[in-house]
There are 2 protein chains.
Amino acid sequence: MAKQAVGGGHRAAPVHTDPADVSVLTALSALADPVRLQLVRELAGSAEWTRSCGGFDVPVGKAALSHHFSVLRGAGLVEQRDEGPRRVNRLRREEFDARFPGLLDLVLRADGD
Amino acid sequence: MAKQAVGGGHRAAPVHTDPADVSVLTALSALADPVRLQLVRELAGSAEWTRSCGGFDVPVGKAALSHHFSVLRGAGLVEQRDEGPRRVNRLRREEFDARFPGLLDLVLRADGD
DNA sequence: CCGAGTGTTCGATCCGTATCTTACAGTCCC
DNA sequence: GGGACTGTAAGATACGGATCGAACACTCGG
């Protein structure tokens, strides 16, 4: 039997953490990294589900990038979905903001690093 | 000639950083530590200039504690003043909140870790 | 079926930082 | 002046996390 084509996924569906279950420490640690901060910001400036993991201009290799997305998922900041061969992302604005009101706005609004 | 008694200080006056000059990354990194988070919270629950560095119930030695306060100063979160033999602290609520609106409230309000 | 494209996983490495111990520098009180 | 007390500075250590390279899984298009 054929596994359903689209939506079926890369291999195993990515593991997501509900923002409601995320500790402050985890959230802050996830955002306290230049690469992840840039990812979140670029993600915030794009429509949902339009950016695949590889489509970010960050100065790290694929492996590190994959790791960073794993951290962002674990902090309830990003949701991922498999779309054909690529994994597309979405910033969990509402949900994360419900758990940590203002935090996302703050890091997005802030200038510089 | 006698150096002025109180206010003169331990040795050198502690170096402070204006919250306005603090980067988001620095602020988040400073708060993304369990010990410092506890310090900030205890400090928030006390009147200004009433807590000396040694007067916190944290599970680290004096040296590490001194280091943590140095980081908090560098992030514009804490102001210190020498009062006789001890160094007393104050949480820079207003100033820090002006630079990062809501961040302090968030970490103070949040339950657990 | 094979090849190109995309991500994840594993192992190794490297660097920052949190920590301790020890030593030192002040202040206060007797 | 001599302690007791408080905090900082310096050196050593240990651990976590960010990174890379290589190998592997999966999808899609010839």
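In what follows, chains are A, B, ... by sequence order, proteins preceding strands, each numbered from 1. In this text, all values refer to a predicted model and were calculated from it rather than measured experimentally.
For the OP1/OP2 pair of dG26(C) and a distance below 4.0 Å, the side-chain nitrogens and oxygens of R87(B) include no atom meeting the criterion. The side chain of S52(A) places an N or O atom within less than 4.0 Å of a non-bridging phosphate oxygen (OP1 or OP2) of dG7(C).
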Using the rule given for side chain to side chain donor-acceptor pair (under 3.5 Å), can you reason through T26(A) versus S23(A), listing the C-alpha separation, both sets of side-chain angles and the distance that settles it, and then say yes or no? CA-CA 5 Å; T26(A) 303; S23(A) 73; 2.8 Å; yes
Under the salt bridge (Lys or Arg N to Asp or Glu O under 4.0 Å) rule, what do R90(B) and E95(B) come out as? Steps first, then yes or no, please. CA-CA 12 Å; R90(B) 168 195 162 248; E95(B) 307 138 271; 2.7 Å; yes
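Between the P atom of dT19(C) and the CG atom of L39(B) lies a distance of 10 Å, rounded to the nearest Å. In this structure, CG of D82(A) is placed 9 Å from P of dG7(C), rounded to the nearest angstrom. Straight-line distance from the CZ atom of F56(B) to the P atom of dG7(D): 10 Å, rounded to whole Å. The CG atom of D33(B) sits 14 Å away from the C1' atom of dG17(D) (whole-angstrom rounding). Between the CZ atom of R81(A) and the P atom of dG7(C) there is a distance of 15 Å, given to the nearest Å. With rounding to whole Å, R86(A) atom CZ is found 17 Å from dA25(D) atom C1'. Put simply, CG on L25(A) is 15 Å from P on dG16(D), counting in whole angstrom units. Atom CD of E83(B) and atom C1' of dG26(C) are 15 Å apart (whole Å).
With salt bridges taken as basic N to acidic carboxylate O contacts below 4.0 Å, none links R93(A) and E79(A). With salt bridges taken as basic N to acidic carboxylate O contacts below 4.0 Å, none links R92(A) and E48(A).
Minimum atom distance to the side chain of Q80(A) is reached by dT8(C), of the listed dT8(C), dG7(D), dG5(C). Picking from dT19(C), dC28(D), dA18(D) the nucleotide with the shortest atom distance to the side chain of H68(A) gives dA18(D).
Along DNA chain D, the nucleotide nearest to G61(A) and the one nearest to P14(B) differ in position, and the one closer to the 5' end is contacted by P14(B). Judged by closest nucleotide on DNA chain C, F69(A) is the one of F69(A) and P59(B) placed further toward the 5' end.
R73(B) and H16(B) share no side-chain donor-acceptor pair at under 3.5 Å.
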Which protein N or O atoms sit under 3.5 Å from an N or O of nucleotides 9-16 of chain C?
none

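Shown here for V22(A) and F100(A), the closest heavy-atom pair between the two residues is O-CZ, 3.4 Å. Residues L37(B) and L31(B) come closest through the heavy atom pair CD1-O, 3.9 Å.
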